[in-house]
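Each ligand, and each atom within it, is numbered from 1 in the order the structure gives. Positions are given from 1, in the same order as the sequence printed here.
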Amino acid sequence: MTSSLLPVTQTWPDDLAALYKARGYWRGETFPAMLRRIGAQHGDRIAFSEGARQESYRDFAARAQAFGAGLLERGYAPGDRVLIQLGNSIAFFHAAFGLFAAGLVPVYALPAHRRTEIAHLLRKSQAVAMITHDRLDGFDHAGLAAQMLEEIPGLRDAFIVGEAGALTGFDSIAGDPATLPEDPDPQSVAFLQISGGSTGMSKLIPRTHDDYIYSLWASNEICGVTEDSVYGAVLPVAHNFTMSSPGCYGALYAGARVVLFPSPVPDAAFPLIRQEGVTITGLVPPLALLWLDAAEKAGGARTARDLASLKVLLVGGAKFLPESARRVKPVLGCTLQQVFGMAEGLVNYTRLDDDEATITQTQGRPISPDDEVRVLDDAGNPVADGTPGHLLTRGPYTIRGYHDEPAANERSFEDGWYRTGDIVIRHPSGHLTVQGRAGDHINRAGEKISAEEVEDHLVAHPAVLDAVVVSIPDAKLGERIAAFILPKEGQALRAVDIRKFMRSRQVAPFKTPDEIRFVTGFGTTAVGKISRKTLRAELREEVLKAEAAEARKTEEEKI
Ligand code: OOB
C-alpha cells in the first residue's frame with residue numbers, strides 16, 4: 001500500500017523560493033514547531049472556549065501531541081493522509097495539530113459533506129484513516145465512517161469523537177510525545193485543503209508549512225490580531241476563511257483565544273460575543289446581512305451592549321454589496337474588513353485604515369508585496385486599471401498546482417500563474433473589486449458549487465434526459481442554484497422527485513437545486529450542438545429577463 005502512495009508536493013521555482021525566504025516571508029517555522037512554541041510561550045493562557053469548556057495552550061499542545069504519538073504507535077507513518085470531518089469543536093484542533101505533530105497530513109472535509117464527497121476525498125488523497133463525530137446536526141457520521149471502512153481500499157481506521165460504538169474512540173488514541181518525529185521540511189506539504197471547484201468534484205490543494213504560516217502572521221498584522229484578541233469562529237473552521245484569514249490558526253499563531261460558536265444565528269451569537277468578549281470574527285455576506293437586520297431590530301442600545309467588544313468584522317467568501325457594506329459601521333459599531341480569498345492562496349483585505357469608499361466598494365488588496373496580480377482580457381492581453389478582466393496570480397502562498405489533477409492543472413495554471421476564474425477590476429491603489437466569475441460555478445452563500453457536478457447527479461436520474469444548472473442572483477444567498485430539467489419522453493417528473501433523488505445521491509445538502517424547472521427542449525434557436533457554457537448563459541439570461549419583466553409588472557400594478 002505504502003509503495004503506491006502518491007507523494008503530495010508543492011514546489012516553487014528555486015529563484016522565487018530563495019526570494020520568498022530572503023524577504024522574510026518564509027521563516028522556516030513548521031506547524032509542529034508552532035504547536036510547541038505556543039504551548040510553551042502561552043501555556044497558561046486560554047486557547048479555546050467551547051461552551052463552558054476552556055482549554056489552555058499547554059493542555060492543547062499536550063493533547064494534540066499525545067494524539068499524534070498515539071497514531072504513530074498504531075502504525076501510521078509520517079506522510080500518511082488522514083481525513084478530518086469535524087465541526088466547530090476543540091477536537092478539530094486536537095486532530096489537525098496532532099497530525100501535524102506526527103508528520104501526518106490532514107485532509108479537511110466540510111461537516112456538510114456526505115458520502116459522495118467523503119468517498120471522493122478519501123480516494124483522491126489515499127487516506128489511511130478518518131476522524132469524525134458520532135453525529136452532528138442530525139447526521140450519522142459514524143455510520144458513514146463505518147460504510148467508508150468497508151468501501152475504501154486502504155482506509156484502516158475511523159476515529160470517532162463522541163460515542164464510538166464498534167469503531168475506535170478518538171480519545172482512546174494517546175501515545176508518548178517523546179516518540180514524535182523530527183520536524184518536517186518547512187517547504188513540505190502540511191495539509192490538503194479542498195477547492196471550491198468550478199468543474200466536477202473538489203480538488204485537493206497542497207499547502208506547505210512555510211507558505212501557509214506566512215499567510216497567518218501576515219493576516220494577523222493586517223487585521224490587528226495580537227495575543228489579546230478573541231477570535232469568534234462562527235463559520236465552519238475547516239473553511240480556509242475561518243482557518244487562516246486570520247482565522248483560528250492565525251489566532252493560535254498569535255496566542256489569542258478562539259471562541260467556537262455552535263451557531264451563527266444572531267440570537268445565539270450576539271450573547272456569546274458579549275459573554276466571551278469577542279474582538280474579531282468573519283462572516284459570509286448572507287450571514288452579515290442577517291446580523292445587520294437583527295441588530296437593527298434589536299435597537300441601538302441592545303446591540304451596542306452585546307457587540308461592545310467587537311472591533312473588526314471580516315466579510316468574504318462571496319461579494320458583499322456596497323450598500324450592505326456601508327451599514328456595518330453604523331449598525332454593528334465595528335470596522336468592516338472585506339476579504340477576497342481562495343483556498344488556492346491569494347488573499348486580499350481592505351486595510352483597517354483604508355477610507356470609507358475603499359472599504360465599502362472594494363474587496364481589498366493582496367497580503368504580500370510579492371503577490372503578483374494580472375488582469376487580462378479574453379485574448380490574454382493585460383487590461384487597463386478600471387477595466388474588468390480575468391484575475392491571474394502568483395506569489396509566496398499561492399499554489400502552483402493541485403494534487404493529482406493533470407487536466408485541471410493544465411487549465412488553471414500557466415507558467416506558475418493561477419487562473420482564479422474571477423473577473424475583477426484593479427484600481428490604481430492595487431485594490432480589487434470582484435465583478436463576477438468566468439466559470440460555471442454557483443457561489444451560494446459562500447459555498448462554491450460546480451454546475452457540472454450537479455448536472456452529473458441530475459442526469460443520473462433514470463427519467464432525466466438532460467439537465468442544465470445555472471446560478472441566479474438571489475437577495476438572501478447571493479446566488480441560488482436553478483436546474484433546468486429535460487425529462488425523457490413520456491416521463492412525468494416533479495420537483496419533489498428530484499429533491500428526493502439528490503438526497504439519495506448522498507451529496508452535501510447545499511448542492512440540491514433551490515429551483516427546479518422542467519423544460520421540453522434546450523436551445524431551440526441554436527443550430528447543431530451548442531456548448532453547455534452557452535446554454536447555461538442563455539438559460540440564465542432568460543430567467544433574468546423574466547424576473548425583470550415580473551418586477552416591472554409588479555411596479556406597474558402598484559401605480
Ligand atoms: C474563500 O475561499 P474558497 O476557496 O472557498 O473560494 C474562493 C472563491 C474566489 O475565487 C471567489 O470566486 C470567491 O470565492 N470569493 C469572493 C470573495 N471571497 C471569495 N467573491 C467575491 N467577493 C469576495 N470577498 O471563499 C475564501 C478564502 C479565504 C478568505 C476568504 C474567502
Any pair counted as salt bridge (Lys or Arg N to Asp or Glu O under 4.0 Å), so long as it reaches residues 387-403, sequence neighbours left out: Glu372-Arg394
Under 4.0 Å from ligand 1 - residues by heavy atom, chain and number: Asn240, Phe241, Ser245, Gly316, Gly317, Ala318, Lys319, Val339, Phe340, Gly341, Met342, Ala343, Gln363, Asp422, Val434, Arg437, Asn443, Lys448
Pair Arg37 + Glu29: basic N to acidic O under 4.0 Å: yes
Ring pair (Phe, Tyr, Trp, His ring centres under 6.0 Å) contacts in which one or both residues fall within residues 354-409, not counting sequence neighbours: Tyr214-Tyr397, Tyr402-Phe413
Criterion side chain to side chain contact (heavy atoms under 4.5 Å, CB included) against Val454, the qualifying member of Val507, Val468, Val469: Val469
Under the salt bridge (charged side-chain N to carboxylate O under 4.0 Å, His left out) test, residues paired with Asp371 that sit two or more places apart: none
Name of the residue among Thr360, Val328, Val284 meeting side chain to side chain contact (heavy atoms under 4.5 Å, CB included) with Phe320: Val328
